There are 2 protein chains.
Amino acid sequence: MDRLNQKLIEKLKKSGERITPIRRALIENFCNHPKPQTPQELLTNLEKKGLMANKTTVYRQLEILVQIGIIQEINFSDRSKRYELSSKDHHHHLVCQNCKKVEDINLDNDLDRQEKKIWKKNHFKVLQHSLEFFGLCNRCQ
Amino acid sequence: MDRLNQKLIEKLKKSGERITPIRRALIENFCNHPKPQTPQELLTNLEKKGLMANKTTVYRQLEILVQIGIIQEINFSDRSKRYELSSKDHHHHLVCQNCKKVEDINLDNDLDRQEKKIWKKNHFKVLQHSLEFFGLCNRCQ
DNA sequence: GGATAATTTGCAACTAAGTTGCACTAGAGT
DNA sequence: ACTCTAGTGCAACTTAGTTGCAAATTATCC
Ligand SMILES: [Mn+2]
Ligand SMILES: [Mn+2]
Ligand SMILES: [Zn+2]
Ligand SMILES: [Zn+2]
């Protein structure tokens, strides 16, 4: 966990970005929270750690961290986007509509096959996809 | 096309809703435009037909039409949600990132299988999912 | 057709997410 | 320590969507 933290800071540095308290805190936060977070939630979490950041800054940092590939954007069809550490294995989510718990799920081979089919059938070149499942977790049924 | 129109008006009426010019126009619009539209686009399209509607009204009608099941909400991860006629066969979309063209695509058996697997493995009851593909259409590659 | 009651509509004011320009601050290399 | 550039905060703005309420419209009953 702390190793990951260091590794990501290195990655930031190598991309030519400066290491600032806010960036450090954001990365640390992402390393410790597996659940995809909204900018608003991030802002609150930073405050809890005693760092009064500005929302403009958070939005700007999120954009940069996405570009570098440290985090990724996820869409749960609510008002605002969410962000989580980008993992090596591309995955999707099971979102409980009741308790809001989020589970990771991995079914990538299948999606790859789909995209190849799409290429053959529709001559459409898929560059990315979004897939999320909504329902009830084992506790909430 | 015109038959469909009538059928949907009937469905509205049976659900206890009144038939108003705006509702008529909205349904007609959905019948004639296959592409998923934003509330803003809908508003503009109604205006083109000479119907000056209010945005509040459009938002309220969209909510009702979704509840009745006449239209469905789609999320292309942009700023605003989109709406299209709900078809009998649940489907997904290929969205061209260049020309914004939208193609329908049907791969439901596979998703059903996935959801059964998810049930067995994670004990998560999937109630709905969102899946959209983004990339380049045959013309734009 | 006209009165009535309940829906629907429009308006204005509001919330919430996100963006922009600009002046000020603070990292990193010398 | 100095300098230059990148990062930050603030205020003002945009855009999507929501809410309360008064006025207009629809369906129903006579
Ligand atoms: Mn995840
Ligand atoms: Mn469609
Ligand atoms: Zn749950
Ligand atoms: Zn295209």
Side-chain angles (χ1 to χ4, degrees), chain A residues 6 8-29 36-47 49-68 70-84 100, chain B residues 8-29 36-47 49-68 70-84:
Chain A
Q6 273 311 311
L8 295 177
I9 302 253
E10 281 312 308
K11 196 169 178 182
L12 244 190
K13 214 180 276 185
K14 273 176 197 152
S15 307
E17 310 292 327
R18 294 178 179 178
I19 307 308
T20 69
I22 288 182
R23 277 178 180 160
R24 234 180 247 285
L26 275 172
I27 288 186
E28 198 183 309
N29 179 285
Q37 294 163 88
T38 63
Q40 203 33 254
E41 287 168 346
L42 283 162
L43 216 38
T44 319
N45 286 347
L46 292 204
E47 267 187 48
K49 289 185 194 168
L51 217 165
M52 270 292 283
N54 181 275
K55 74 170 175 172
T56 311
T57 306
V58 169
Y59 280 110
R60 283 195 279 230
Q61 289 318 316
L62 288 174
E63 204 187 330
I64 290 171
L65 293 178
V66 166
Q67 253 154 26
I68 295 177
I70 290 179
I71 60 171
Q72 60 186 324
E73 200 181 282
I74 308 169
N75 214 301
F76 286 174
S77 304
D78 359 47
R79 289 301 232 78
S80 89
K81 300 192 166 166
R82 286 163 194 275
Y83 298 85
E84 71 171 1
K100 313 298 175 199
Chain B
L8 294 177
I9 302 254
E10 281 311 309
K11 196 169 180 181
L12 244 191
K13 213 180 277 184
K14 273 177 197 152
S15 307
E17 310 293 326
R18 295 180 176 177
I19 307 308
T20 69
I22 288 182
R23 277 180 179 158
R24 235 181 247 286
L26 275 172
I27 287 186
E28 197 184 310
N29 179 286
Q37 293 163 90
T38 63
Q40 203 33 254
E41 286 169 348
L42 283 161
L43 217 39
T44 319
N45 287 346
L46 292 203
E47 267 186 49
K49 288 185 193 168
L51 217 164
M52 270 292 283
N54 181 276
K55 75 169 174 171
T56 312
T57 306
V58 169
Y59 279 110
R60 283 194 280 230
Q61 288 319 316
L62 289 174
E63 205 187 330
I64 291 171
L65 293 178
V66 166
Q67 253 153 25
I68 295 177
I70 290 179
I71 61 172
Q72 60 186 324
E73 199 180 283
I74 307 169
N75 214 302
F76 284 174
S77 304
D78 10 36
R79 292 300 234 82
S80 91
K81 300 193 166 167
R82 286 162 195 275
Y83 299 86
E84 71 172 0

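Every chain is numbered from 1 and lettered A, B, ... according to where its sequence line falls, protein lines coming before strand lines. Keep in mind the model is a prediction, meaning the values are calculated, not measured.
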For a quick test of reading the model: is some side-chain N or O of B:Arg23 closer than 4.0 Å to OP1 or OP2 of C:dT8?
yes

For the side chain of B:Arg60, starting at C-beta, report the closest nucleotide among C:dT9, C:dC22, C:dA28.
C:dT9

Rounded to the nearest angstrom, tell me the gap between atom CD in A:Glu10 and atom P in C:dA28.
11 Å

Nucleotide of C:dG21, C:dT8, C:dG18 approaching A:Pro39 most closely (side-chain heavy atoms)
C:dG18

Of B:Lys55 and A:Ser80, the one whose closest DNA chain C nucleotide lies more 5'
B:Lys55

Search all heavy atoms of B:Leu12 against all heavy atoms of B:Leu65 and return the closest pair with its distance.
CD2-CD2, 4.2 Å

What nucleic acid atoms does A:Thr56 come within less than 4.0 Å of, heavy atoms only: base, sugar-phosphate, or nothing?
base

Quick one: on DNA chain D, does B:Ile19 or B:Gln40 contact a more 5' nucleotide (nearest heavy atom)?
B:Gln40

Can you work out whether B:Thr57 or B:Arg79 has the more 5'-proximal nearest nucleotide on DNA chain C?
B:Thr57

In whole angstroms, the gap separating P of C:dT7 from CD1 of B:Ile64 amounts to 11 Å

Note: A:Val58 and A:Ala53 closest approach over all heavy atoms is CG2-CB, 4.4 Å

Near B:Glu63 CD, under 6.0 Å, is it more than 12 heavy atoms from other residues, nucleotides or ligands?
no

Taking for B:Glu63 and for B:Pro21 the nucleotide of DNA chain D with the nearest heavy atom, the one nearer the 5' end belongs to B:Glu63

Could you tell me whether A:Lys81 contacts a base, only the sugar-phosphate backbone, or nothing, with contacts defined as non-hydrogen atoms closer than 4.0 Å?
sugar-phosphate

Starting at atom OH of A:Tyr59, determine the distance to atom P of C:dA17, rounded to an integer number of angstrom.
6 Å

Please list, in 5' to 3' order, the outermost nucleotides of DNA chain D lying under 4.0 Å from any heavy atom of chain A.
D:dT5 to D:dA11

